[in-house]
Amino acid sequence: ALAIGDNASAHLGGVEVKNNSDVTGTLTDTTTVANSATLAIGGGASANIGGVSVSNSKFNGTVISTTLAANSAALAIGKDASARLGGVVVKNSDVRGTLGATTTLANTAALAIGSGADASIGGVLVSNASFSGTATSNTTAANVAALSIGGAGWLGWFVPAHIGGVIIK
């Protein structure tokens, strides 16, 4: 998948809720890929393989993300770019409920380049958001890498990249 331009999105599977949406219910994503890639170029670009993303929105309910990926990569280039393989990401949102991510990966990479860029593989990330509920993450990974290159906003030198886990910041 390839997307070019500001706020470009290149996705293989996955669920995305954004732009002041107000959603109640269950969001479920099950994505299985092999020998695949996503590339997005532009300010706010996102390149995702599977996973669930909630941005600048309200959500009340259950999120279930299950991603299986082998020999695959997500690459995003631009200011505030994000590259993700599976997982659940909540940014600048109000979320109530249960967030669950199960991610199994082999020979994969997530790479984000640009100021404010972030790269994640599996896990649950809640950033600059209001969250009330339960978050669980189960990540199994072999020969994988998550890499962000560029300056980040809140610490200047810190660029977020993670594999698995639950991160609330």
Side-chain angles (χ1 to χ4, degrees), residues 1 3 6-33 38 40 42-69 74 76 78-105 108 110 112 114-141 144 146 148 152-155 158-169:
D6 285 346
N7 298 308
S9 294
H11 298 266
L12 291 174
V15 175
E16 187 173 40
V17 176
K18 63 182 185 177
N19 297 332
N20 299 310
S21 298
D22 189 347
V23 178
T24 299
T26 301
L27 300 176
T28 303
D29 170 60
T30 302
T31 302
T32 302
V33 298
T38 58
S46 65
N48 300 339
I49 295 177
V52 176
S53 173
V54 178
S55 177
N56 298 310
S57 297
K58 287 184 178 181
F59 177 76
N60 185 358
T62 301
V63 171
I64 301 168
S65 169
T66 304
T67 304
L68 302 166
K79 183 178 188 291
D80 297 321
S82 63
R84 300 189 184 102
L85 288 162
V88 175
V89 175
V90 176
K91 290 186 175 183
N92 305 313
S93 297
D94 182 4
V95 174
R96 307 282 178 257
T98 301
L99 307 176
T102 301
T103 309
T104 304
L105 304 159
T108 59
S115 175
D118 68 85
S120 63
I121 293 178
V124 175
L125 170 64
V126 177
S127 177
N128 196 33
S130 173
F131 171 66
S132 174
T134 303
T136 59
S137 168
N138 296 296
T139 302
T140 304
V144 302
S148 294
W154 66 280
L155 283 180
F158 177 74
V159 181
H162 77 274
I163 297 174
V166 175
I167 300 169
I168 298 176
K169 63 177 189 164

* **Under-4.0 Å salt bridge between Asp118 and Lys91** => yes

* **Spacing of Thr108 atom OG1 and Ile49 atom CD1 [to the nearest 0.5 Å]** => 8.0 Å

* Side-chain (Asn48) to main-chain (His11) donor-acceptor, under 3.5 angstrom -> no

* Asked: Does Ala119 offer a backbone N or O that forms a donor-acceptor pair with the side chain of Ser148 under 3.5 Å?
  -> yes

* Knowing that exactly one of Val15, Leu27, Val17 qualifies, which makes a side-chain contact (heavy atoms from CB on, under 4.5 Å) with Val63? -> Leu27

* Would a distance-only check, ignoring hydrogens and angles, find a side-chain to backbone donor-acceptor pair under 3.5 Å from Asn92 to Asn56? -> no

* Ser9 and Lys18: which non-hydrogen atoms are nearest, and at how many Å? -> OG-NZ, 3.8 Å

* Structure fact -> When rounded to the nearest 0.5 Å, the distance separating CG of Leu99 from OG of Ser65 is 10.5 Å

* Return the minimal non-hydrogen interatomic distance between Thr38 and Ala10, and the atom names on each side. => CB-O, 3.7 Å

* **Partner of Lys58 under side-chain contact (heavy atoms from CB on, under 4.5 Å), chosen from Asp22, Asn20, Val95** => Asp22

* **Donor-acceptor side-chain pairing of Ser57 and Ser93 below 3.5 angstrom** => no

* Structure fact -> d(Arg96 CZ, Thr24 OG1) to nearest 0.5 Å is 12.0 Å

* Asked: What are the two closest non-hydrogen atoms of Leu12 and Ala1, and how far apart are they?
  -> CD2-CB, 4.2 Å

* Find the distance between OG (Ser46) and CG (Asn7) and round it off to the nearest 0.5 Å. => 8.5 Å

* What are the two closest heavy atoms between Gly122 and Thr103, and how far apart are they? -> CA-OG1, 3.4 Å

* To do: Kindly give the heavy-atom pair with the smallest separation between Ala74 and Ala47, and that separation in Å.
  => CB-O, 3.5 Å

* Heavy-atom closest contact (Ala110 atom, Ile121 atom, distance) -> CB-CG1, 3.9 Å

* Using the side chain to side chain contact (heavy atoms under 4.5 Å, CB included) rule, take Val89 and Ser82 through it: C-alpha gap first, then chi angles, then the decisive distance, then the call. => CA-CA 10 Å; Val89 175; Ser82 63; over 6 Å; no

* Asked: Roughly how far, to the nearest 0.5 Å, is the OG1 atom of Thr139 from the NE2 atom of His162?
  -> 7.5 Å

* Structure fact -> When rounded to the nearest 0.5 Å, the distance separating OG1 of Thr102 from CG of Leu68 is 9.5 Å

